[in-house]
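In this text the structure is predicted, and so the values were computed from the model without any measurement. In the text below, chain A, chain B and the rest are named by the order of the sequence lines, each starting its count at 1.
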Amino acid sequence: MTPRVPVGLWALALAAVAFLVLPVVALLAQVPYGELWERLTEPELLAALRLSLGTSLTSTALCLLLGVPLAWLLARNALPAPRLVRGLVVLPLVLPPVAGGLALLLLLGRNGLLGGALSAFGVTVPFTTLAVVLAQTFVALPFLVLAAEGAFRAVDQRLGDVARTLGAGSWTVLGRVDVPLARSGIAAGALLAWARAVGEFGATVTFAGALPGVTETLPVALYRALERDLAAATVVGLVLLGLSLAVVLLLRGRWVGSL
Amino acid sequence: MGVVAGASGVALASALALLAVGGNAGDELVVLTASSARDGVERAARDFERANPGTTVTISSGGSSALVRQAVAGAPADVLITADPARMADATEAVAGDPVVVGRSGLQLVVPRGNPGGVSGLSDMAAEDRVVVLCTREVPCGYAALAALDAADVTPAVDSYEASAARAVLRVALGEADATLAWAATVGRSEVEVVPVADLPTTAYPAAVLRQSEASDLAGSFVRYLASLEGGRALAAGGLDPA
């Protein structure tokens, strides 16, 4: 039997749920449903959706490529100063994205620390779709590293040790033993990283700028739509809400459900 | 539980204390200004504070359309200054009394120091190999720029649409963009160069007291100050032309 819960606790919990749900209700209430289809199929919105999906999937792949090895080395205590490394990796998670975008611009911009050398080779990063991917990867990578590290730590290290006695090298242990066993945790991390990448705004506008079809992702399109047409902005919001809902449903199946 | 309640109590109390500081105490003015006029309005505000001891003027700047949206949504502000009369007209329901034009500014072709892109006129903004940014068409410097380019029969190869004139000029000042079109008032305080172009449009900056102002008398005298000779001098020092 559940213990009797004091009314005050109920009230605070209810307030928390209402606080999180009511804004979404208000957004849904403003969506112009009568002309929804025409608005959903507007070329600019479709371009933003295509760009958002393409860039966020690319940056999630980049997060997996770069984040899984790092998470594994952290989980196996194979890096010097692991606490420092972990702290540095988590930093973009708490850093305001606008500051992250400025930092990327000062690194990779035409007059940036590395960007100066790049532009000598004719490579300009800001204002390109690549810049969007980099901004998203910058903010999303910490999610993947943290989730994957936790998943690797939950894998019995002795399995890898046994594999080593049978002649397996580190790449084989990682690829054939640890990654398959940690896959659901890594997948959850990838999903969170993807969600963060889809929602990225501050670093994107600061570093990549805003041009429809090239750098104007859904959140950037929503911000611009706000300047002219509230209804258009709510439609973009609805699309983003749909993507978020997909993430929640996928996480429920894979992650929350297993808790 | 005790620790949680204690900690959240402290957090809530400090948040409320912060909010209380933010509240308007009658001798405080909040001014929403188009980003291009910020420098001049800032100077005028400091002069106004000196002339009215005990008064503080806080300035919030951005693209005119965003400011109008905030004003209409009831933002706790006292004065609105936009970068053209059309945007001010959009804010009519939030404005008390008639807006007064307090300054003017012309559109300028802005390039980084040393003009690395070799930009010599509007037609160079059509070149794909140059990085060109414009204000987004939702703000005055954006639609004025697009109209000017259209009149010159130039189709610009735009790399990014920025949310305000100040943002567009910043891209140029950082050397990330080779050229932009922005109001002269924005350009004045930046480390950039201007390429002379004939027949670019100008804009007027209307200022008005907001309906929601709880210090409308003080707000009214600030607007009158902006429109006065003295206020005009402060605005001019910030790059605005006289009304």
Quiz prompt | Heavy atoms from other residues, nucleotides or ligands near CD of A/Glu38 exceed 12 (cutoff 6.0 Å) | solution = yes
Exercise. Take atom CG of B/Asp129 as the centre, draw a 6.0 Å sphere, and report whether it contains more than 12 heavy atoms from other residues, nucleotides or ligands.
Key: yes
Exercise. Take atom CZ of A/Phe121 as the centre, draw a 6.0 Å sphere, and report whether it contains more than 12 heavy atoms from other residues, nucleotides or ligands.
Key: no
Quiz item: Are the side chains of A/Phe127 and B/Arg171 in touch, meaning some heavy atoms are under 4.5 Å apart?
Solution: yes
Exercise. Please report the shortest heavy-atom distance between A/Leu211 and B/Val158, naming the atom on each side.
Key: CD2-O, 3.1 Å
Quiz item: Quick one: what part of A/Val220 sits under 4.5 Å from any heavy atom of chain B, side chain, backbone, both or neither?
Solution: neither
Practice problem: Name the option with the most non-hydrogen atom pairs under 4.5 Å to chain A; the candidates are B/Val68, B/Val131, B/Asp90. | Solution: B/Val131
Exercise. Could you tell me which of A/Thr215, A/Thr206, A/Leu230 has the largest number of non-hydrogen atom pairs under 4.5 Å with chain B?
Key: A/Thr206
Quiz item: Under 3.5 Å, side chain of B/Glu176 to main-chain N/O of A/Pro126, donor-acceptor pair present?
Solution: no
Practice problem: Mind checking the CD-OH spacing from B/Glu138 to A/Tyr223? Nearest 0.5 Å is all I need. | Solution: 11.5 Å
Quiz item: Side chain, backbone, both or neither: which part of B/Asp178 has a heavy atom under 4.5 Å from chain A?
Solution: both
Quiz prompt | Other residues, nucleotides, ligands: >12 heavy atoms within 6.0 Å of A/Phe201 CZ | solution = yes
Quiz item: So what's closer than 4.5 Å to chain A heavy atoms on B/Val139: side chain, backbone, both or neither?
Solution: side chain
Quiz item: Which answer fits B/Leu170, side chain, backbone, both or neither, if we ask what part of it has an atom under 4.5 Å from a heavy atom of chain A?
Solution: neither
Exercise. With rounding to the nearest 0.5 Å, note down the distance linking OG in B/Ser65 to CZ in A/Arg224.
Key: 11.5 Å
Quiz item: Can any side-chain N or O of B/Ser160 pair as donor or acceptor with the backbone N or O of A/Ala210 at less than 3.5 Å?
Solution: yes
Exercise. Against chain A, label B/Glu162 side chain, backbone, both or neither, depending on which of its atoms sit under 4.5 Å from a heavy atom there.
Key: side chain
Practice problem: I would like to know whether A/Leu105 and B/Leu174 meet side chain to side chain contact (heavy atoms under 4.5 Å, CB included); could you show each step before the answer? | Solution: CA-CA 10 Å; A/Leu105 189 65; B/Leu174 285 173; 3.7 Å; yes
